[in-house]
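Working notes, structure below.
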Amino acid sequence: MLPERRKRPNARPIDNLNKSKEKENQSAKEKGNCSYEGKNDCGWAINQHDFGNCMAHDVEQALVLAWDKVITQPTAVFRKAVVGFNCNVDLIVPGTQLLEYLNATVDADSDRESLGSVQELSEAFAHFFARGAAAERFMDDEETFQTVIKHAEGSPKAQYHIGGNAALMAERIASAFPRTEAYLVGPIGPRSNALLHPSIKRTNSTRIVKDEVHVIMEYKQGEILAEYVAPASSRFITSHDKFSGSTVVIEMFFKAISQIKPDLVILTGVHLLEFQQKEMRLEKLRMLKRNVLQVDPKTPIHLELGSMGDAVYIKDVLERIIPHVDSLGLNEQELAFISHVAGGPYTNEYPVQAGTVHVHKVGVVEMLHWLLRTYGRDKSTGADGKRAGYRLQRIHFHCLTYHVVVSVGTDWSNLAAGLAAGARLAGRMACSITDHRGVDQSDLLEVRTAHTLLLDKHLDKKYTFEPHSPIASWMRDELVFIYTPVLVCKIPTKTVGVDDAISTTGLLYSQFYKFDSNIHW
């Protein structure tokens with residue numbers, strides 16, 4: 001007699017999720033609960049007048065309660081996570097104020113792959129400021145960068161925080177997921193060592209005498225710079241790293257993986273290699289690929305992207321690294337740039353203006369579908385196929401107003417819970433809400449979504465916003481899409497690190513289990 005086939009824990013079929021949503025909708029209507037009935041001229045749900053007899057407070061609260069119902073702990077929790085390989089100290093200052101201290105003039109806005117002067121810094125800052133978009137650019141000249149740091153430290157509003165994607169993601173694990181041990185591998189200096197969460201395990205082999213510093217130039221929505229007005233709150237980052245992308249640190253990262261034997265690997269900081277000489281960065285990408293391929297396939301690897309401006313380099317990352325990780329986290333700028341340089345859909349949408357993104361408008365679903373179908377795992381591909389050996393099965397996309405998770409295959413589960421947990425965190429973290437139970441979140445957070453919008457142009461999949469049931473899911477070509485709007489912080493007090501926290505939260509709520517192909521049922 002054949003044994004009963006095991007069911008994957010916490011797996012929730014799409015049909016069941018949709019049926020559950022229908023029941024919740026019906027139940028809410030019978031009870032007279034709040035439901036969205038209209039929209040304003042801009043298509044945004046902003047105030048109580050948009051909801052008929054329903055107060056805006058009820059909408060935000062209904063949305064959070066709906067997420068809470070979906071958020072369930074995974075049955076199999078990640079016990080050990082190795083995170084690497086960038087760590088630094090973030091020096092956070094008001095961006096427009098720093099430009100004044102530097103006596104910089106803003107005559108034009110212009111993006112470039114790297115910066116060579118204060119004038120180029122001001123032009124690049126203005127370029128992304130005008131679009132309300134986050135970006136990071138390397139400062140080529142060390143002397144100029146030290147001048148920037150000196151003036152930034154002179155600001156009365158200067159703040160020091162732990163920085164670097166790897167350090168921020170390890171920080172999130174340590175502070176919010178105590179059942180998971182976080183091992184951080186990166187260049188850790190005296191100040192960053194003091195700023196790190198005490199439970200983060202770190203190695204002495206990558207300690208440095210002087211911290212690497214990133215200057216975070218923040219700005220608020222509505223702020224004015226010369227002739228430009230910021231459409232959204234965000235930040236511009238400039239740096240002059242010497243160690244985060246070094247061969248020694250990368251080698252120590254993979255050595256830690258082989259010694260610790262984690263059940264989760266988080267790889268980030270790859271974007272910092274962009275600023276090295278082309279021959280050097282290509283050799284390091286080859287080294288990364290060799291080491292990634294040696295990681296046990298039963299241990300998931302998550303790659304968190306960062307801001308990049310070099311088309312040749314991002315295409316190298318796309319072709320050499322992304323197909324060989326199991327999970328990918330990225331935002332609207334990174335997704336649009338990848339599609340732009342690799343011949344994907346909607347190539348003319350880069351750069352994206354943050355804060356005004358609609359799913360159907362920029363074709364995010366089409367880009368995600370193309371990315372996973374082109375560079376993701378394909379079980380039907382034979383040993384000689386182009387995608388043979390590809391591992392990518394999960395992508396977590398996040399922008400200001402909504403998040404999407406897309407997956408293929410059966411290795412990842414509990415994805416709706418991860419998506420909802422990341423969305424719930426986004427606005428709270430941007431507004432620095434630590435104890436949400438004692439705060440009227442409607443004063444700080446708002447929904448920005450049209451009443452009805454087109455999610456998937458190919459399937460003519462439409463979405464109608466219902467606060468008590470905000471999550472939508474559907475399947476296309478064996479790919480599962482899950483979508484939710486996000487509560488946006490009206491006046492953000494924090495912009496840096498939010499993306500990393502969202503990705504980490506979504507990842508730690510997700511579950512990975514690879515069935516042994518040798519088992520026959």
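Since the model is a prediction, treat every value here as computed from it, not as a measurement.
Classified by interplanar angle (parallel below 30°, tilted 30° to 60°, perpendicular above 60°), the ring pair Phe465/Tyr463 is tilted. The aromatic rings of Phe177 and Tyr509 lie perpendicular to each other, with more than 60° between the two planes, well past the 30° mark.
For the salt bridge (charged side-chain N to carboxylate O under 4.0 Å, His left out) with Glu366, the qualifying choice from Arg373, Lys457, Arg476, Lys461 is Arg476, the only one to do so. Partner of Thr505 under the side chain to side chain contact (heavy atoms under 4.5 Å, CB included) criterion, out of Asp500, Leu425, Ile173: Leu425 alone.
A salt bridge does not link Asp111 to Arg131: none of the charged side-chain nitrogens sits closer than 4.0 Å to a carboxylate oxygen. A salt bridge does not link Asp263 to Lys80: none of the charged side-chain nitrogens sits closer than 4.0 Å to a carboxylate oxygen.
With no hydrogens or angles considered, a side-chain donor-acceptor pair links Gln393 and Asp411 at under 3.5 Å.
Looking only at distances, no side-chain donor or acceptor of Ser339 sits under 3.5 Å from a matching main-chain atom of Ala336.
Side-chain contact check for Leu368 versus Phe481: some heavy-atom pair is nearer than 4.5 Å. Between Leu305 and His271 the shortest side-chain heavy-atom distance does not fall below 4.5 Å.
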Inset, instruction - Go through the steps to decide whether Asp310 and Arg281 satisfy the test salt bridge (Lys or Arg N to Asp or Glu O under 4.0 Å), and finish with yes or no. - result: CA-CA 12 Å; Asp310 187 322; Arg281 74 188 188 188; 3.0 Å; yes
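In this structure, Arg394 forms a cation-pi arrangement with Trp412, its terminal cationic atom sitting closer than 6.0 Å to the ring centre and no more than 45° off the ring axis.
Separating the NE2 atom in His324 from the CG atom in Leu303 is a distance of 12.0 Å, to the nearest 0.5 Å.
Between Phe397 and His403, a ring centre-to-centre spacing not shorter than 6.0 Å is recorded.
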